[in-house]
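Computed from a prediction, not measured in an experiment: that's the story for all the values here.
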Amino acid sequence: MRAAIQCHNIQTLLISGGLMSTPHTFSSRDFTRDVGAAKRAASEGPVFITDRGRPAFALLRIEEYYRLAGKREMSLLELMDSLPGTEGIEFEAPRADIQLKAAEFD
């Protein structure tokens, strides 16, 4: 009963946040067996992943996460720069020494 109340409270929060009206639910076992189905369901709205019948995780599209978190989507470069342990690493791409010739058409 408590799991149902928790799930209802989470659904109410998601509905009031404008995500959708009916989230999908997958058991941990079903999620493991078919991650693709959970990803497809997440394109329609949040997916709850339950563990022993209780909501344990929520899967949602990254755009929805950024919207809920009040953040903008980071570029790949920003994401890479934010990784821990990458401070001070400098990289200079090697120059390609390529000789180009004009195309010949007969």
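- Considering NZ of Lys39 and CG of Asp34, their distance stands at 10.5 Å, rounded to 0.5 Å.
- One distance of note links OG1 of Thr50 with CZ of Phe57; it measures 10.5 Å at 0.5 Å rounding.
- Separating the CG atom in Leu60 from the OH atom in Tyr65 is a distance of 9.5 Å, to the nearest 0.5 Å.
- In the hydrophobic clustering of this structure, Ile62 groups with Leu68; members are Ile, Leu, Val, Met, Phe, Trp, Tyr whose side-chain heavy atoms approach within less than 4.5 Å, directly or through other members.
- Proximity of Phe26 to Val47: side-chain heavy atoms (C-beta onward) are separated by under 4.5 Å at one or more points.
- Between the OG1 atom in Thr32 and the CG atom in Asp30 there is a gap of 8.5 Å [rounded to 0.5 Å].
- Considering CZ of Arg52 and OG of Ser28, their distance stands at 9.0 Å, rounded to 0.5 Å.
- Residue Tyr66 places its OH atom among more than 12 non-hydrogen atoms of other residues, nucleotides or ligands, all under 6.0 Å distant.
- Look at Arg72 and Glu78 and you find a salt bridge, because one of the NZ, NE, NH1 or NH2 atoms lies within 4.0 Å of a carboxylate O, short of that distance.
- Remark: Glu64 engages Arg67 in a salt bridge, criterion side-chain N to carboxylate O under 4.0 Å.
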